[in-house]
There are 2 protein chains.
Amino acid sequence: MAQSSPNISCGNCPIRHNAVCAECDKDELAALEAAKSYRSFAAGEPLAVSGEALTHFSSIVSGCASMSRTLEDGRRQTVGLLLPSDFIGRPGRATAAYDVVALSDTVVCRFERRTFDGLVRDTPHIATRLLTMTLDELDAARDWAVVLGRMTAREKVAAFLVSLIRRRAAATGQGEPAGDVAVALPLSREAMSDHLGLTIETTSRQITAMKKDGLIQAINTRAFRIPSFEALALIAGEDDDGGPIA
Amino acid sequence: MAQSSPNISCGNCPIRHNAVCAECDKDELAALEAAKSYRSFAAGEPLAVSGEALTHFSSIVSGCASMSRTLEDGRRQTVGLLLPSDFIGRPGRATAAYDVVALSDTVVCRFERRTFDGLVRDTPHIATRLLTMTLDELDAARDWAVVLGRMTAREKVAAFLVSLIRRRAAATGQGEPAGDVAVALPLSREAMSDHLGLTIETTSRQITAMKKDGLIQAINTRAFRIPSFEALALIAGEDDDGGPIA
DNA sequence: CGTGACATTGATGCCTTTCAAGTAGGGTGG
DNA sequence: CCACCCTACTTGAAAGGCATCAATGTCACG
């Protein structure tokens, strides 16, 4: 069950320089320290349920969660993969728009909704950071629309791996990945398929085929070695500059 | 060719209460009046080109534009349909992330990029409004991901018509559409297909089939009568409360 | 060592794409 | 004013990719 977690100091926080608090100075941080609390969720637990009250604004500190919507007949589409520093909720809204589920054990740093609304209103450094992050998320969502709308199953799987590897590298302060890289999948084939708009079977078959083609090597079912990141990115529909093909 | 257009007063502006300026008071508006300029684009003209410099932050005043990305082999996905009050550009970025093309004759109200960056920094009412709009756009982009990833061709077409009708109603200050409604398509079958992640042929076939089923009636190729908005929304995967199905 | 969740593999069918041809509407020039 | 033409749209036939249904395999855990 979801549990409160002991507070850690913002100074030691792993997402200190990437989350909504990234631009805050010492004084502002003190105000956040006073208002924040931590909570941990086990893999599979819901952090939010679409349509229901969302009492807190949360930032992922560690772990991984998916944001998704499920249609009446069971079809499900993940609309975002939440990694450390990503946020859940929005100012001025009391209801969750999507289901959010922990994919692995996850810790969040959170603020009561009304408290956070006040922080956004009174702390320009939070407001501007939130705007930047939201604009980034918007670009990411739009980029993903290209994947969902126009790419083949194989391209989708490659694009997913590429984006996962890129985000990992960015989060650890590394530059653009290159050459031989490893990637651990924080999610099941089902969660992956929901993200890609594919069935589990199609996803699995594409992975198998990509192994046969030497694009990826299985370390285990949830971890791959990628002999050539560039080759993978090429399949994902990108030129070798790291951007989408002109 | 793109042309400068005579300025109109913010007081008479059709998007005064919906655009980034919506929350501005009289004094702030005066600053905007001084900095703004208008420009008009004929249908088919580019407002922005992906990867190239974007010198201005623009708001659509009238008309309609599409934001899209084209892959090397010609596959194209529209990532956003821009209607009056929607904006193009983002603070602090000098390069366009997507292609933006006018679908019909379009007028924009715009600010030089650096001027706008200053306005966002110094005018809280603009910053907060921009945040709200960006969060709304993010939700819309995520909602559309469900359509692209999990819906059938027919559902996609229905969802598109529903969203178009809803946006029209919202822009003209009406509530939720109901019963017998008409809708004028501001775009070609091709642009529509790019938005839906379908081919022109599939889109056309679905429209034909929906006519046969009595869901829509052709006024002409670019305008339909919808005998029952509710019936259309149901096909688009929504319950009759206007929200996505639980 | 049995059990259950997760993943892979196989066979088949269907929806969408692809390739191709035909139709309709709008504008132009004779 | 009408024939012509260009573009946009529609319709048809066939192919292909992904989904569906079904079974088998694998690993962790009790």
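Lettering follows sequence order; numbering is per chain, from 1. Computed from a predicted model, the values in this text were never measured in an experiment. All values below were derived from every heavy atom in this structure, side-chain atoms included, with hydrogens, water molecules and symmetry-related copies excluded.
- Listed nucleotides: C/dT9, C/dT8, C/dT17. Nearest to the side chain of A/Glu201: C/dT9.
- Distance, B/Leu103 CG to D/dA8 C1': 15 Å, rounded to whole Å.
- Proximity note for B/Ser204 (side chain, C-beta onward) versus C/dT17, D/dC18, D/dT11: the nearest is D/dT11.
- Ring geometry, B/His195 versus B/Phe160: the interplanar angle exceeds 60°, so the pair is classed perpendicular (tilted spans 30 to 60°).
- Atom-to-atom, CD of B/Glu190 to C1' of D/dC6 comes out at 15 Å; the value is rounded to the nearest Å.
- OP1 or OP2 of C/dA7 has at least one side-chain nitrogen or oxygen of A/Arg222 nearer than 4.0 Å.
- Distance CD (A/Gln77) to C1' (D/dA19): 15 Å, rounded to an integer number of Å.
- Applying the 3.5 Å distance criterion, the base of D/dC18 shares no donor-acceptor pair with the side chain of A/Gln206.
- When only modelled atom types and interatomic distance are considered, A/Thr172 and A/Gln174 share a side-chain donor-acceptor pair under 3.5 Å.
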Worksheet item: Step by step, would you call A/Arg110 with A/Arg39 a side-chain contact (heavy atoms from CB on, under 4.5 Å)?
Response: CA-CA 8 Å; A/Arg110 60 186 210 162; A/Arg39 195 158 181 122; 3.2 Å; yes
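- At whole-Å resolution of the value, CG in A/Asp194 and C1' in D/dA19 are 14 Å apart.
- Residue contacts shown for B/Ser188 are limited to sugar-phosphate atoms, with no base heavy atom under 4.0 Å away.
- OP1 or OP2 of C/dT9 lies within a sub-4.0 Å distance of a side-chain N or O belonging to A/Thr208.
- B/Ile207 comes within 4.0 angstrom of no nucleic acid atom, judged by non-hydrogen atoms across all strands.
- Among the protein residues, A/Gly44 comes within range of no part of the nucleic acid, since none of its heavy atoms lies under 4.0 Å from any strand.
- B/Arg205 contributes a side-chain N or O that forms a donor-acceptor pair with the base of D/dG12 under 3.5 Å.
- Between the side chains of A/Gln206 and A/Thr203, not a single donor N or O lies within less than 3.5 Å of an accepting N or O.
- One interatomic measurement links the two molecules: CG of B/Leu185 to C1' of D/dT10, which rounds to 15 Å at whole-angstrom precision.
- Side chains of B/Thr134 and B/Glu137: a donor-acceptor N/O pair is absent below 3.5 angstrom, by distance only.
- Phosphate contact (OP1/OP2 of D/dT10, side-chain N/O of B/Arg189, threshold under 4.0 Å): present.
- Counting to the nearest Å, the P atom of D/dG17 and the CG atom of A/Leu196 are 18 Å from each other.
- Computed from coordinates, the A/Ile200 CD1 to C/dA5 P distance equals 13 Å when rounded to whole Å.
- A side-chain contact (heavy atoms from CB on, under 4.5 Å) with A/Gln77 is found for one member of B/Val146, B/Leu148, B/Asp143 and no other, namely B/Val146.
- A donor and an acceptor atom never sit less than 3.5 Å apart when one is taken from the side chain of A/Arg150 and the other from the base of C/dT17.
- Along DNA chain C, the nucleotide nearest to A/Leu187 and the one nearest to A/Gly149 differ in position, and the one closer to the 5' end is contacted by A/Leu187.
- Remark: C1' of C/dT17 and CZ of B/Arg75 are 12 Å apart, rounded to the nearest angstrom.
- Side-chain N/O atoms of B/Thr202 include one lying less than 4.0 angstrom from OP1 or OP2 on C/dT17.
- Heavy-atom distances to DNA chain D give each of B/Thr221 and A/Thr221 a nearest nucleotide, and the one nearer the 5′ end belongs to B/Thr221.
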